[in-house]
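Structure, as structure tokens:
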Number of protein chains: 2
Amino acid sequence: MTMSNTGGRRKPPTIHDVAREAGVSRGTVSRVLNGGHYVSPAAAQAVDAAIRKTGYVVNRHARSLITGRSDSVGFLLTEPQERFFEDPNFNVLLRGCTQALAAHDVPLLLMLAGTDDERRRITRYITAGHVDGVLLVSSHSGDPVAEELRAAGVPLVACGKPIGMGSKVSYVAADDRDGARDMVRHLLALGRRRIGVVTGPLDTPGGVERLAGYREVLAEAGVEADERLVVSGDYSRASGEAGAERLLARAPDVDAVFVASDLMAQGVLTALHRAGRRVPEDVAVGGFDDSPAAVAASPELTTIRQPWDRISTEMVRVLLAQIGGEDPAAVILPTELVKRDST
Amino acid sequence: MTMSNTGGRRKPPTIHDVAREAGVSRGTVSRVLNGGHYVSPAAAQAVDAAIRKTGYVVNRHARSLITGRSDSVGFLLTEPQERFFEDPNFNVLLRGCTQALAAHDVPLLLMLAGTDDERRRITRYITAGHVDGVLLVSSHSGDPVAEELRAAGVPLVACGKPIGMGSKVSYVAADDRDGARDMVRHLLALGRRRIGVVTGPLDTPGGVERLAGYREVLAEAGVEADERLVVSGDYSRASGEAGAERLLARAPDVDAVFVASDLMAQGVLTALHRAGRRVPEDVAVGGFDDSPAAVAASPELTTIRQPWDRISTEMVRVLLAQIGGEDPAAVILPTELVKRDST
DNA sequence: TTCTCTACTGTGAACGATCACAGAAGCATG
DNA sequence: CATGCTTCTGTGATCGTTCACAGTAGAGAA
């Protein structure tokens, strides 16, 4: 009677076992594993059968040791984590990336760079070649980690247009400017003319672009620009509330507000309600993001939806292409106006 | 003039380079790297200096190839992903696990088992030994993936008590039952006697335990049990709304409701409001989870906070211990009553 | 001295894959 | 028949570590 292996882990079969089982050499098995070129149909079939019979799974460490690739990808978040981790869109992004990578059999390593210590560790880890590329979420400017990775030649795809880095870095972003244009056009179409804006942080490309879109449409519609109608926020709910109060004080005749995030728009609604303005009758409010906050608000927010599912799949596509040797690329995806009750 | 390496990746230094630089052998460098036992202080110092000078980082693939360990851990979500990915507590958990692992220099691989295809792929991946252990989020019963992993002897720590599996699997959970007890005692202390409950799904241990806590406290307080006061939900907001309506129809004299999740509690508030009941004057409402929904609700919800940050660090601690050879363990962590305006 | 014990160091042999290369077989062409 | 070309196959070398083992040096005891 031999030892039972209950509870323990049995030594897994190697490529050698498969080769012996199939009656071919290691080289042939390896060729079958990697695309099957230069393999006779008979050999390929025998190898497939042997793999199924033995339950063989390639040892990625052995493979990586010789290929120099790790066949894995890092998902790096260098944003202040509270903000992003509370954003449901971040979840959609993370999930989308994980699934898109899984389809290529590439594991995703989650990396959070909160403290400087973590920042250093992660930079070392990545530049040491432990991952083949990095999906980067870091919308604030002058990120030292991103710059170091770029300098080290690590394939990199950012979520949102990174600023302060050369054009050598790939990114995938929603068309913020066009989304803002759509929203402001929508407000104009409702007959509003005194359209205010609560911007996002202006050290982020998103914040800048959304404001630019607002300005463009007003200019092309011949509506007089009034800087009293422009107040800035930081995407937080509180800053939306404060922004709306400032707006009401500076331009009491405002009849619409384009708010650069749904969370801020919630704050705007609160402030308007407190001031006795009805939404949308007195003031129409448009948000941005189509987050759960948009439907949780009352009235439900008209907003701009960013295609987060497509953003994630595009990020993965671009990154894998870049790992495969292609040049960096920029992808801009269209947004969509979602009409609800606040306009 | 030599080739510039701008943009390319230079071949990284190996343990051999470090050994040469330090004037010692590979073996000595390896010993320094792995704890430094049986190494003279002089040699250790020379090696440390050489590592700093060369910028050496260990090649994990080469190490893993011979040790058989991967020095990485999987974070596996087999729950229906919509539900969990929308739960902010899930984010806290994921972040906590990632950071706790990072402190041990262990990367976290994110794995989402949505489709059956993904389930199979992930099971193969894990049982092939590509990760040393798994942090498991899967509260529903009879999870085939979990069962397979357990059978394969993969170190496993579940979040929340898994049901339908032997006692051989580690888990970390909040004390659901005690949390429920605290809440119901709190409602009793307010003088309420007709206390209803909207349960969670009763095929999850959390749902079962919270209901059990409710029953226990009423029994020990000598309050008559009335099954009309018990309705079941599925943690969703809509089910909370429906549950409250059923409750009001079956027991109009209800003066308090213990709701097994904040999201459901929001629905309960909506239904009570519509029925013209004031909260907390006519009906006190207690939630569970202390999610953002709790403070977003009006009135703000009294609720039970689960220690998600501690849950994550404990899961990591238990998993690493188990990988290190220790026996499976169960950890139950205390909850906390958070009093707000709904009671 | 001689022996033993401890603390430390170096060396060859793994680990399990890929890769480059050499060579065989089959077939068409000169 | 010799030659060249294509397709397919097997073999050693290799990646960068750790591990087991052998060996050295120095201290202390007999």
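As a basis for the values below, the full set of heavy atoms in this structure was taken, side chains included, without hydrogen atoms, waters or symmetry mates. Letters A, B, ... are given to chains in the order of the sequence lines, protein chains preceding strands, and every chain is numbered from 1.
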Residues in salt bridge (Lys or Arg N to Asp or Glu O under 4.0 Å) contact with A/Arg310, at least two apart in sequence or another chain: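 Listed in chain order: nothing, the list is empty.
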
By salt bridge (Lys or Arg N to Asp or Glu O under 4.0 Å) - contacts of A/Asp48 (at least two apart): none

Derivation of the side chain to side chain contact (heavy atoms under 4.5 Å, CB included) call for A/Arg95 and B/Leu110: CA-CA 9 Å; A/Arg95 184 183 359 167; B/Leu110 184 59; over 6 Å; no

For A/Thr14, all residues meeting side-chain contact (heavy atoms from CB on, under 4.5 Å), sequence neighbours excluded: A/His16, A/Asp17

Contacts to DNA chain C from [range], heavy-atom cutoff under 4.0 Å, which residues?
range	value
residues 101-109 of chain B	none
residues 52-71 of chain B	B/Leu65, B/Ile66
residues 24-31 of chain A	A/Arg26, A/Ser30

Qualifying ring pair (Phe, Tyr, Trp, His ring centres under 6.0 Å) pairs with a residue from residues 94-116 of chain A, counting only residues at least two apart or across chains: none

Whole angstrom value for the distance that separates P of C/dT18 from NE2 of A/His16: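 Rounded to whole Å, this separation is 14 Å.
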
Length of the line joining A/Ile15:CD1 and D/dT14:C1', which is rounded to integer Å: 15 Å

Criterion side chain to side chain contact (heavy atoms under 4.5 Å, CB included) on A/Val157 and A/Leu136, from CA distance to verdict: CA-CA 6 Å; A/Val157 176; A/Leu136 181 68; over 6 Å; no

Spatial distance of atom CG (A/Leu135) from atom CG (A/Leu77) [nearest 0.5 Å]: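 So the gap between those two atoms works out to 12.0 Å.
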
Tabulate protein N/O versus nucleotide N/O from nucleotides 5-8 of chain C, keeping only pairs under 3.5 Å, one per line.
none

Distance-only, no hydrogens or angles: does the [X] side chain make a donor-acceptor pair with backbone N or O of [Y] under 3.5 Å?
X	Y	answer
A/Thr98	A/Leu94	yes
B/Asp71	B/Val106	no
B/Thr127	B/Thr123	yes

Qualifying side-chain hydrogen bond (donor to acceptor under 3.5 Å, both in side chains) pairs, either residue in residues 49-64 of chain B, two or more places apart: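 Qualifying pairs, neighbours excluded: B/Glu21-B/Lys53.
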
Option among A/Ile122, A/Leu76, A/Val131, A/Val73 that satisfies the side chain to side chain contact (heavy atoms under 4.5 Å, CB included) test with A/Leu109: A/Val131

Estimated bend of the helix from C/dT1-D/dA30 to C/dG30-D/dC1 (axis per five terminal pairs, rounded to 10 degrees):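 End-to-end axis angle for the helix from C/dT1-D/dA30 to C/dG30-D/dC1: 60°, rounded to 10°.
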
Salt-bridge present (A/Glu118, A/Arg121; N to O < 4.0 Å): no

Contacts table for residues 316-332 of chain A: side-chain donor-acceptor under 3.5 angstrom, sequence neighbours left out:
unit_1, atom_1, unit_2, atom_2, d
A/Arg317, NE, A/Glu314, OE1, 3.3
A/Arg317, NE, A/Glu314, OE2, 3.3
A/Arg317, NH2, A/Glu314, OE1, 2.8
A/Gln322, OE1, A/Ser170, OG, 2.7

All side-chain hydrogen bond (donor to acceptor under 3.5 Å, both in side chains) counterparts of A/Asp116, not counting sequence neighbours: A/Arg119

